[in-house]
Amino acid sequence: MKIIDLRSDTVTRPTAAMLDAMLAAPTGDDVYGEDPTVNELETRAAALLGKEAGLFTPSGTQANLAALMSHCGRGDEYIVGQHAHTYKYEGGGAAVLGSIQPQPLDFEEDGTLPLAKVVAAIKPDNYHFAVTRLLCLENTQWGRVLPMAYLEEARAVADRHGLAMHLDGARLFNAAVALGVSARRIADHFDSVSVCLSKGLGTPVGSVLVGTREFITAARRWRKLLGGGMRQAGILAAAGIHALDHHVARLAEDHRNAAALGEALGELPGMAVKTEWLQSNMVFVEMDADVSTAMADWLKPHGVLIHPGTLVRLVTHLDIDAKDIERAAGLMAQFFSDGHHLKDGQGKTPDYFH
Ligand SMILES: *Cc1c(COP(=O)(O)O)cnc(C)c1O
């Protein structure tokens, strides 16, 4: 039985073609700067996103942390979303390891940070305050694609107040495909951008960070300090190059599958699909916690995996096709029609999105 894993797009396995590319990759010692495949990936990613230089990291968490530590020093501050990955889901790394103060703000319903509140949060130049240096956005944010007009306004605000801008673009290519624009056009508004290769792009490991040559030189130093200096990492970078070549345009298929899943689930009584948020490869559904827990337990032996909670996130990806969506939606419908939602569950709210 095929497992239909809707918990995240991180669960994808490398394809046979990707594994072939990894096996064939020339390698060297990347800490010496001598891995040709890592160098190629870094150059390719930078060119694709319109930046001078790139840096391959083992994780998005490390790419973001190296970025924050390159933009901000001890006693500096970054403005960030309350539920942003770089604030809430990275162990507090900016504060713990970077001595950087986060200034979290609530996201708007569309995943943007309200710019009037951003401006109000910028600290005056006075020794009582941390020095506000950076605005950090996330795109996509819980599946929501930031509007291009918003990015333009955010850039203008940042410029007016002397802030740099970092994009946590873990799913930048999902945003670009959803909007029908190049990823570069989105990246153009930012000083630095991190992109996950291990989410929708389907590699086993890795992220890339891009920015100016000077910025990447600083980030490379932080990457070493953070333990991210890898040696013959070309076998991993090769998966990234393969993904950039073969797994970007196909994200549209994940988006179609998510739309189909959202539509099917919208007809079920106990699942309130957040249709406004359904813009890329994620379906968010408000559910009773007991019911979603009972559903997760019931689906598992049927080969469908979901994380239960009051806000259930279902994610489509490379290892899920249209038939899998039909099957998963059919099983969820059966869960209700068989009355399993009426049994006592044990509500869990893991709030577990990344
Ligand atoms: C996954 C993710 C990251 C990075 O996560 P890693 O697991 O460290 O690669 C960063 N930001 C967002 C929004 C993510 O979803």
Side-chain angles (χ1 to χ4, degrees), residues 5-12 14 41 45 49 54-69 78 80-94 96-98 102 104 107 110-113 134-146 165-176 178 183 186-187 190 192-210 219 222-223 226-228 230 233 236-237 239-240 243 247 251 254 258 277 279-284 307 311 313-318 350-354:
D5 194 339
L6 294 164
R7 292 172 304 168
S8 179
D9 47 9
T10 56
V11 300
T12 56
L41 172 64
L49 300 176
L55 182 70
F56 182 51
T57 61
S59 69
T61 298
Q62 188 174 93
N64 284 328
L65 182 53
L68 292 171
M69 292 174 78
Y78 71 116
V80 63
Q82 191 71 253
H83 296 288
H85 206 280
T86 47
Y87 171 58
K88 189 171 173 182
Y89 295 92
E90 295 180 2
V96 174
L97 298 175
F107 282 117
D110 65 356
T112 62
L113 286 177
L134 180 73
L135 173 61
C136 182
L137 299 177
E138 190 172 307
N139 199 10
T140 58
Q141 206 294 311
W142 288 10
R144 300 170 292 194
V145 180
L146 303 190
M165 278 174 72
H166 173 68
L167 178 64
D168 177 356
R171 297 183 178 87
L172 170 64
F173 287 103
N174 291 88
I186 297 173
F190 295 87
S192 58
V193 179
S194 66
V195 178
C196 280
L197 301 165
S198 61
K199 302 273 169 84
L201 297 187
T203 76
V205 175
S207 278
V208 280
L209 175 67
V210 297
W222 288 124
R223 183 187 70 170
L226 296 170
M230 299 184 287
L236 301 173
H247 292 173
L251 292 172
D254 296 344
W277 293 16
Q279 301 172 19
S280 58
N281 68 329
M282 294 182 181
V283 185
F284 283 86
H307 276 311
L311 183 60
R313 187 191 72 168
L314 306 170
V315 189
T316 58
H317 52 73
L318 191 58
D351 191 12
Y352 190 69
F353 304 144
H354 31 73

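For clarity, every value in this text was computed on a predicted model and none was experimentally measured. Note: hydrogens, waters and symmetry copies are ignored here, and every other heavy atom, side chains too, is used. As the structure lists them, so they are numbered: ligands from 1, and atoms in each ligand from 1.
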Could you tell me, atom by atom, which parts of ligand 1 come under 4.0 Å of a heavy atom of [X]?
| X | result |
| --- | --- |
| Asn64 | 10 (C) |
| Arg171 | 15 (O) |
| Ser59 | 8 (O), 9 (O) |

With backbone taken as N, CA, C and O and side chain as the heavy atoms from C-beta onward, which portion of [X] lies under 4.0 Å from ligand 1: side chain, backbone, both, or neither?
| X | answer |
| --- | --- |
| Cys196 | side chain |
| Gln141 | neither |
| Thr61 | both |

*On the 0 to 90° scale, with breaks at 30° and 60°, tag the Phe284-Trp277 ring pair as parallel, tilted or perpendicular.*
perpendicular
*Is the closest heavy atom of Glu90 to ligand 1 under 4.0 Å?*
yes
*Can you check whether Asp168 has an N/O within less than 3.5 Å of an N/O in ligand 1?*
yes
_Test your reading of the structure: does Lys199 have an N or O sitting under 3.5 Å from an N or O of ligand 1?_
yes
*Heavy-atom distance under 4.5 Å between the side chains of Leu97 and Leu65, does that happen here?*
yes
*State, yes or no, whether a side-chain contact exists between Phe190 and Leu49 at a heavy-atom distance under 4.5 Å.*
no
Check whether any side-chain N or O of [X] sits under 3.5 Å from a backbone N or O of [Y] as a donor-acceptor pair, and report yes or no.
| X | Y | answer |
| --- | --- | --- |
| Ser207 | Gly60 | yes |
| Gln279 | Val145 | yes |
| Tyr89 | Thr61 | no |

*Can you name the nearest heavy-atom pair linking Leu146 to Asn139, along with the distance?*
N-OD1, 3.0 Å
